[in-house]
Amino acid sequence: MTTAPRVRECARILLERGGLRPRVHLVLGSGLGGLSARVRDPVEVAFGDLPGFPATSVEGHAGRFLIGRIADTAVLVQSGRFHLYEGVGADTVAAPVRVGRALGARTLVLTNAAGGIRSDLVPGSVMLVDDCLNLMFRSVLAGPVTGDESRFPDMSRPCDPALMALAEAAALEAGTLLPRGIYAAVGGPHFESPAEIRALRAAGADAVGMSTVPEVTVARAGGQRVLAFSLITNRASGLGLGSLDHEEVMRYGDEAGATLGALLEALVPALPR
C-alpha cells in the first residue's frame, strides 16, 4: 500500500524551490506536455521529489510540476496526472489539486485528451467543457472530509461560467473554434466499446475520457474556480474507420496541442485575480 501524499509538505517544497505562489494551476493531459514550453523561467519539481507522490505509469504523462510564469501570471503547470485505473487511491488522484490550492492557486485549468462522440468533434478540435458526466461509479471525495473541503459540494455549475466566457473571447480573438460540450469520465483503462459509446451519446455525452471529473470535483469541494478543455484526439469507438490506440492519442496531442497551447497562453493572463 502506498502512502498518501502529504499535501502541505508537498506545497512547502514547491514554494521553497519555485519561490512563487501561483495564481493559476494548469493541468496537462495525455500528449499535451509540450505546452509546458510556454512557461517562462520554469523551475521543475518531479513528482518523485514530493512525499507520497508515486511515479506516473502512462505514456505522455511526464510526472512533474513546473513553477514559473505565463506572461506576468504566476502559474503551477502540472505535466501528467494520476488516474484511478493505475491502481492508486483517491487521495493520490486528488493530491495535485489539493497541493495547488495549498500553494495559493484559486483557479484550476484542466486539459485532457478525449474521444469525440458528437459529429463535429473531430480529431484535432478543442472542446470547452460545459458540464461533466461521472461514469466512474465512485466519487473521489468518498471517505473522511479533507481540510476545508465541503462534504456536499454544489456541482450545478462544475465549470465557471465567467471563465468560460473569457475562454470563448480568447478563442474568437485567435480565430479558433471552441464549441462547448459535455465531458463523460469512465473508469478505463480500456477504450470503450461501440455499444458503450451509443449509451454515452444517449446519456448526453459529447466527448469521453478517463480523467478530469475527479479533479473538477475536488476543486469545487475546495471552492476553486474551474475551467476545462478537451483536445479531441480520436473519434470514439464505432464512429471512426480504424481501431483505437494510445499512439493515436499521443500523435494528435502533439500535432493539435499547439492550438490549445496558443489559446491558453493568451487566456491565462486574462483570468481574474
Side-chain angles (χ1 to χ4, degrees), residues 27 29-32 57-61 81-90 93-94 110-142 152-159 161 164 177-221 226-253 256 260:
V27 180
S30 293
L32 295 169
S57 66
V58 182
E59 182 185 359
H61 288 258
R81 52 161 50 98
F82 300 110
H83 307 79
L84 290 170
Y85 66 70
E86 294 177 81
V88 298
V93 173
L110 298 160
T111 69
N112 60 60
I117 298 175
R118 204 171 70 205
S119 60
D120 63 312
L121 295 174
V122 297
S125 59
V126 179
M127 183 186 83
L128 180 63
V129 177
D130 184 44
D131 203 347
C132 298
L133 185 59
N134 184 2
L135 293 175
M136 293 178 163
F137 301 108
R138 63 184 295 187
S139 172
V140 73
L141 299 178
F152 304 108
D154 176 21
M155 297 296 289
S156 58
R157 291 297 306 176
C159 294
M164 293 174 67
L177 291 175
L178 189 62
R180 295 190 181 197
I182 296 173
Y183 174 86
V186 296
H190 57 280
F191 288 108
E192 304 75 33
S193 72
E196 288 169 334
I197 293 301
R198 290 194 295 271
L200 286 167
R201 181 161 51 190
D206 299 305
V208 60
M210 305 170 193
S211 67
T212 302
V213 167
E215 294 145 313
V216 171
T217 306
V218 171
R220 295 302 302 132
V226 178
L227 188 61
F229 301 87
S230 291
L231 178 58
I232 306 303
T233 54
N234 57 275
R235 293 290 286 155
S237 182
L239 303 179
L241 297 177
S243 59
L244 302 180
D245 60 57
H246 192 62
E247 289 184 4
E248 181 183 18
V249 171
M250 295 291 295
R251 184 168 61 253
Y252 272 102
L260 182 54

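In terms of heavy atoms, Ala228 sits closest to Leu128 at O-CD1, 3.6 Å. Closest non-hydrogen pair, Arg81 versus Leu110, comes out as NH2-CD2, 4.0 Å. Taking both residues in full, the closest heavy atoms of Ile197 and Ser237 are given as CG1-O, 3.5 Å, listed atom of the first, atom of the second, then distance. Shown here for Phe137 and Asn134, the closest heavy-atom pair between the two residues is N-OD1, 4.1 Å. Across all their heavy atoms, Ala114 and Tyr183 have their closest contact at CB-CE1, 4.0 Å. Annotation for Ala90 and Arg138: closest pair CB-NH2, 4.2 Å, computed over non-hydrogen atoms.
Remark: side-chain polar atoms of Thr111 are not paired, donor with acceptor, to backbone N or O of Phe229 under 3.5 angstrom. No donor-acceptor pair closer than 3.5 Å links the side chain of Asp130 to the backbone N or O of Ile182. Between the side chain of Arg235 and the main chain of Gly116, a donor-acceptor pair closer than 3.5 Å is present.
Checking Ser211 against Asn112 by side-chain atom types alone, no donor-acceptor pair falls below 3.5 Å.
Residues Cys159 and Asp131 are not in side-chain contact: their nearest non-hydrogen atoms beyond the backbone lie 4.5 Å or more apart. Residues Glu192 and Arg198 form no side-chain contact, since every pair of their non-hydrogen atoms from C-beta on lies 4.5 Å or further apart. Using a 4.5 Å heavy-atom cutoff, the side chains of Asp206 and Ile117 are not in contact. A 4.5 Å side-chain heavy-atom check between Met155 and Thr217 finds at least one atom pair inside the cut-off. A 4.5 Å side-chain heavy-atom check between Val129 and Thr212 finds every atom pair outside the cut-off. Considering only heavy atoms from C-beta on, Val213 stays 4.5 Å or farther from Val140 through its side chain. Annotation: side chain of Val218 is in contact with side chain of Leu141 (closest heavy-atom distance under 4.5 Å). Counting heavy atoms from C-beta outward, Ser125 and Leu177 have side chains that stay 4.5 Å or more apart.
Atom CD1 of Ile232 is separated from atom CG of Leu121 by 5.0 Å, given to the nearest 0.5 angstrom. Atom NE2 of residue His83 and atom CE of residue Met136 lie 8.0 Å apart, to the nearest 0.5 angstrom.
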